[in-house]
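In the text below, chain A, chain B and the rest are named by the order of the sequence lines, each starting its count at 1. Heavy-atom basis, side chains included; hydrogens, waters and symmetry copies ignored.
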Number of protein chains: 2
Amino acid sequence: MLDAAAAVWAHDFSASLSAIAERAQVSRSTLHRYFTDRQALVDALLLDSLARLETLDDGGAASAPAMDTLEQYLRAGVEMGDRVIFLFADPNRFAGNPHWSADDGDGEMRALVDRARADGAIDERIPTSWAVSVYYALLYTAAEVSNQDMPRHVAADLAVRSFRRSVEP
Amino acid sequence: MLDAAAAVWAHDFSASLSAIAERAQVSRSTLHRYFTDRQALVDALLLDSLARLETLDDGGAASAPAMDTLEQYLRAGVEMGDRVIFLFADPNRFAGNPHWSADDGDGEMRALVDRARADGAIDERIPTSWAVSVYYALLYTAAEVSNQDMPRHVAADLAVRSFRRSVEP
DNA sequence: TCATTCTGCGACACTACTGTCCTATTAAGC
DNA sequence: GCTTAATAGGACAGTAGTGTCGCAGAATGA
């Protein structure tokens, strides 16, 4: 059901629960048993998606160059496809949601960018906020185009290349 | 009213007409007189926003290097702020809308990218579709961050730099 | 001033989605 | 086979948004 919700909501967040139930091939009753209301489903999908991001994140050795960690994280994110689109399509989508502390992945991401800057992989003149924004924008874009235009790994390669080039000195 | 609609819908496309009327400081009745239904307002805003993009586009000399035209177009787009966010927040938002021929700005954009590639400003290995996607992603991102993090022209500078670097050989 | 137009306000029916409930049917486990 | 749990299907009221209408007050302009 979470997969169905991600697939449907990645395309249109205002889609009804009926649409999700249909996609998941269950009745609306069943959907409602597992998730009392719409908010519960949103939260569950949000938590699950964030948890997956975390998992992927843990794969990276803390000792590796920060830019390599960013790259690995980016590639893994692209693999998540619809989940990433759901998460990052609209920056205001989860405003006010307790599970979506703006600090969530964001603080970590900023720290990573700052480390990469210290390593000389990011130009001094580029604000951290811009680097982070571009990072998410490319992640989202790669996930988006890999739904139609090209295979996932190609999109991931392009996103990685574009990100490194975008921010390097 | 169009400005109000752009401002509100840039933040949340599912926002009600009441919200837009309130933002525009008119009654819902008045809004309804000018735009019979929701679709009419969407179409009007879509057409108006596309027209503004066209106008900005015309400023570029056809003889200039394609990449310079792209840059100028990008800068002008960032100035449009909410209109751009409204247009490009969700790639599927206007699917099926007669005024949103995927070919609209897209065919033109692809042609521009191909010219830039011929000029040597874009790497041969980068697919046109990726360059176009990145272009719109950076345009959207710059419009987005210039609503909060930094002044418009700074965001535009960063977007231009990031785009050129992203795709150059 | 008067006539015309525009606007705001409220009422209304209609629609779509939501959340809840109940019942018959199916599947699973023993 | 029997018991238990899970599911599908439908009915239901409640809610929010939509589109339409009529009317009263304000603004505009001759």
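- Counting 5' to 3', DNA chain D first comes under 4.0 angstrom of a heavy atom of chain B and last does so at the ends given by dG17(D) to dT20(D).
- In this structure, Asp3(B) does not pair ionically with Arg23(B), as no charged nitrogen and carboxylate oxygen lie closer than 4.0 Å.
- Interatomic distance, OG of Ser162(B) versus CZ of Arg165(A), reported as 12.5 Å (0.5 Å rounding).
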Please write out the pairs of protein N or O atoms and N or O atoms of nucleotides 4-6 of chain C separated by less than 3.5 Å, giving the distance to one decimal.
none

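- Within the 4.5 Å cutoff, the side chain of Met1(B) has no heavy atoms near those of the Gln25(B) side chain.
- Using a 4.0 Å heavy-atom distance criterion, Arg28(B) is classed as a base contact.
- For Arg93(A) against Phe86(A), the heavy-atom pair with the smallest separation is NH1-O, 2.9 Å.
- Residues of residues 10-27 of chain B having a heavy atom closer than 4.0 Å to DNA chain C, listed by number: Gln25(B), Val26(B), Ser27(B).
- A distance of 6.0 Å separates CE of Met80(A) from CG of Leu87(A), quoted to the nearest 0.5 Å.
- Two residues are said to be in side-chain contact when any heavy atoms from C-beta on lie closer than 4.5 Å; Asp90(B) and Asp12(A) fail this criterion.
- Taking the six-membered ring for Trp, Phe88(B) and Tyr140(B) have ring centres at least 6.0 Å apart.
- As a whole-Å value, the separation of Arg38(A) CZ from dT18(C) C1' is 10 Å.
- Between Phe35(A) and Leu2(A), the closest side-chain pair of non-hydrogen atoms falls below 4.5 Å.
- Between Phe35(B) atom CZ and dT7(C) atom P there is a gap of 12 Å when expressed in whole angstrom units.
- Inspection of the Asp68(A) and Gln72(A) side chains reveals no N or O donor paired with an N or O acceptor under 3.5 Å.
- Taking 4.5 Å as the limit, some side-chain heavy atom of Arg110(B) sits within range of a side-chain heavy atom of Ser129(B).
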